[in-house]
Undergrad: 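Have a look at this one before I ask anything.
Just so you know, these numbers use all the heavy atoms, side chains as well, and skip hydrogens, waters and symmetry mates. Predicted model, so just to flag it, every value in this text is computed and none were measured.
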Amino acid sequence: TLGANLAVLVGLVVLVIEINQNNEMMRAQTRSGVSDAIIDNIKLGMDPRVIAAYQKQGSGQPLSDEESYLLDQIANATLRLWENTHYQYRNGLFDDDEFEADLAVWRETMQAPEFRLHWSSRSHTYSAAFKRQIDELIE
C-alpha cells in the first residue's frame with residue numbers, strides 16, 4: 001500500500017511538472033505567433049501605396065477613397081492584433097511587463113488620425129473587454 005501511494009505521489013509530481021512545461025511552451029508559442037503577426041503588420045505598412053497615403057495625410061492633403069480605405073484597413077489589422085494580445089494577456093499568456101509596454105505603444109498609436117477615425121466608427125465590433133481598455137487609453 002505504501003509503495004502504491006508513493007507511486008501515485010510521484011505520478012502527481014511528474015504531472016505537475018509536465019503541466020508547467022506545457023504552460024511555458026504555450027506562452028512561447030503565443031509570443032512567437034504575436035511577433036509573427038507584428039512583422040506581417042509592419043510589412044503591410046511598407047506597401048508604397050500605404051506609405052504615400054501616410055505622407056499625404058501627414059502633410060494635410062485630402063486622401064482619395066482608396067487611400068482612406070488603406071489606412072482604415074491598417075488601423076483595423078493593428079487593432080485586431082492588439083485585441084488578440086489583450087485576450088492572451090487576460091488568459092495569462094503575457095506577463096504584466098510585456099503588456100504594460102504594449103499599452104504604452106497603444107496609447108501613442110491611438111493618437112493617429114486613422115486610428116481615431118477607425119475606432120470612432122468601428123469600436124462596437126471589438127470585444128467588450130478590449131473596447132474598455134482602448135477607451136481608457138484614449139481618455
Undergrad: So for atom CD, which belongs to Gln111, do other residues, nucleotides or ligands contribute more than 12 heavy atoms lying within a distance under 6.0 Å?
TA: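 Yes.
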Undergrad: Around atom CG of Asp65, are there more than 12 heavy atoms of other residues, nucleotides or ligands at under 6.0 Å?
TA: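 Counting neighbours around CG of Asp65, 12 or fewer heavy atoms of other residues, nucleotides or ligands fall under 6.0 Å, so no.
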Undergrad: Calculate, to the nearest 0.5 Å, the distance between atoms CG and CZ belonging to Asn84 and Phe130 respectively.
TA: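 That separation rounds to 10.0 Å.
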Undergrad: Between OG of Ser123 and NE2 of His118, what distance do you get to the nearest 0.5 Å?
TA: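 Going from OG on Ser123 over to NE2 on His118, the span is 8.5 Å.
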Undergrad: Does the Gln61 side chain pair with the main chain of Gln57, one donor and one acceptor, at a distance under 3.5 Å?
TA: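 Answer holds: no.
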Undergrad: Under 4.5 Å between side-chain heavy atoms, hopping through other hydrophobics if needed: is there a path connecting Leu79 to Leu137?
TA: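 Linked, Leu79 and Leu137 end up in one cluster.
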Undergrad: Which pair of non-hydrogen atoms, one from Ser127 and one from Arg90, has the smallest distance, and what is that distance?
TA: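 So the two residues come closest at OG-NH1, 4.4 Å.
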Undergrad: Between Leu103 and Gln133, is there a side-chain heavy-atom distance shorter than 4.5 Å?
TA: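 A side-chain contact exists here, since the closest heavy-atom pair is under 4.5 Å.
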Undergrad: What's the shortest heavy-atom distance between Glu67 and Ala53, and which atoms?
TA: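 Taking every non-hydrogen atom into account, CB-CB, 3.8 Å.
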Undergrad: Rounded to the nearest 0.5 Å, what separation is found between the CD1 atom of Ile134 and the CD atom of Glu139?
TA: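 That separation rounds to 11.5 Å.
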Undergrad: Using only atom types and a distance under 3.5 Å, with no angle test, would you say the side chain of Arg122 pairs donor to acceptor with the backbone of Asn76?
TA: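 A pair under 3.5 Å: no.
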Undergrad: Relative to each other, are the rings of Trp82 and Trp106 parallel, tilted or perpendicular (30° and 60° limits)?
TA: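 Rings of Trp82 and Trp106: parallel, as their planes differ by under 30°.
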Undergrad: Minimum heavy-atom separation for Ile51 and Met46, please, with both atom names.
TA: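 So the minimum-distance heavy-atom pair works out to CD1-O, 3.4 Å.
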Undergrad: For residues Met110 and Arg116, report the shortest heavy-atom separation together with the two atoms involved.
TA: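 Minimum heavy-atom contact is O-NE, 2.7 Å.
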Undergrad: Side chain to side chain contact (heavy atoms under 4.5 Å, CB included), that's the test. Do Phe115 and Leu71 meet it? Break it down for me.
TA: CA-CA 8 Å; Phe115 282 84; Leu71 295 186; over 6 Å; no
Undergrad: Is there side-chain contact between Lys131 and Trp119, with heavy atoms separated by less than 4.5 Å?
TA: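 A side-chain contact under 4.5 Å exists here.
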Undergrad: Short question: side chain of Ser120, backbone of Leu117 - any donor-acceptor pair under 3.5 Å?
TA: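 Pair found, side chain donor or acceptor close to backbone of Leu117.
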Undergrad: Is it possible for you to check whether Arg80 lies under 6.0 Å from the centre of the six-membered ring of Tyr126, through NZ or CZ, and within 45° of that ring's axis?
TA: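 Yes, a cation-pi geometry.
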Undergrad: Just how far is it from atom CG of Leu93 to atom OG1 of Thr85, taken to the nearest 0.5 Å?
TA: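 That separation rounds to 11.0 Å.
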Undergrad: Heavy atoms, side chains only, cut-off 4.5 Å: are His86 and Asn91 in contact?
TA: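 No; the side chains remain at least 4.5 Å from each other.
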Undergrad: Mind checking side-chain contact (heavy atoms from CB on, under 4.5 Å) for Leu70 and listing every partner two or more places apart, or none if nothing turns up?
TA: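 Here the qualifying residues are Arg49, Val50, Glu66.
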Undergrad: Once rounded to the nearest 0.5 Å, what's the spacing between atom CG of Leu63 and atom OH of Tyr69?
TA: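 Nearest 0.5 Å value for the CG-OH distance: 15.0 Å.
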Undergrad: Going only through I, L, V, M, F, W and Y residues with side-chain contacts under 4.5 Å, is there a path from Ile17 to Val8?
TA: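 No.
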Undergrad: Under the rule for side-chain contact (heavy atoms from CB on, under 4.5 Å), what residues qualify as partners of Leu44, not counting sequence neighbours?
TA: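 Once residues adjacent in sequence are excluded, the partners of Leu44 under the side-chain contact (heavy atoms from CB on, under 4.5 Å) criterion are Asn41, Ile74, Ala77.
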Undergrad: For Ser68, does its backbone N or O pair with a side-chain atom of Asp72 as donor and acceptor, under 3.5 Å?
TA: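 Not at all, since once roles are kept as given, no pair shorter than 3.5 Å links the two residues.
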Undergrad: Please list, chain by chain and in numerical order, all residues satisfying side-chain contact (heavy atoms from CB on, under 4.5 Å) with Asp95, sequence neighbours excluded.
TA: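 With sequence neighbours excluded, Asp95 shows a side-chain contact (heavy atoms from CB on, under 4.5 Å) to Asp97, Glu98, given in chain and number order.
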Undergrad: ring-ring contact (aromatic ring centres under 6.0 Å, His included) for Tyr89 and Phe99? Distances and angles first, verdict last.
TA: CA-CA 7 Å; Tyr89 172 73; Phe99 192 66; 3.9 Å; yes
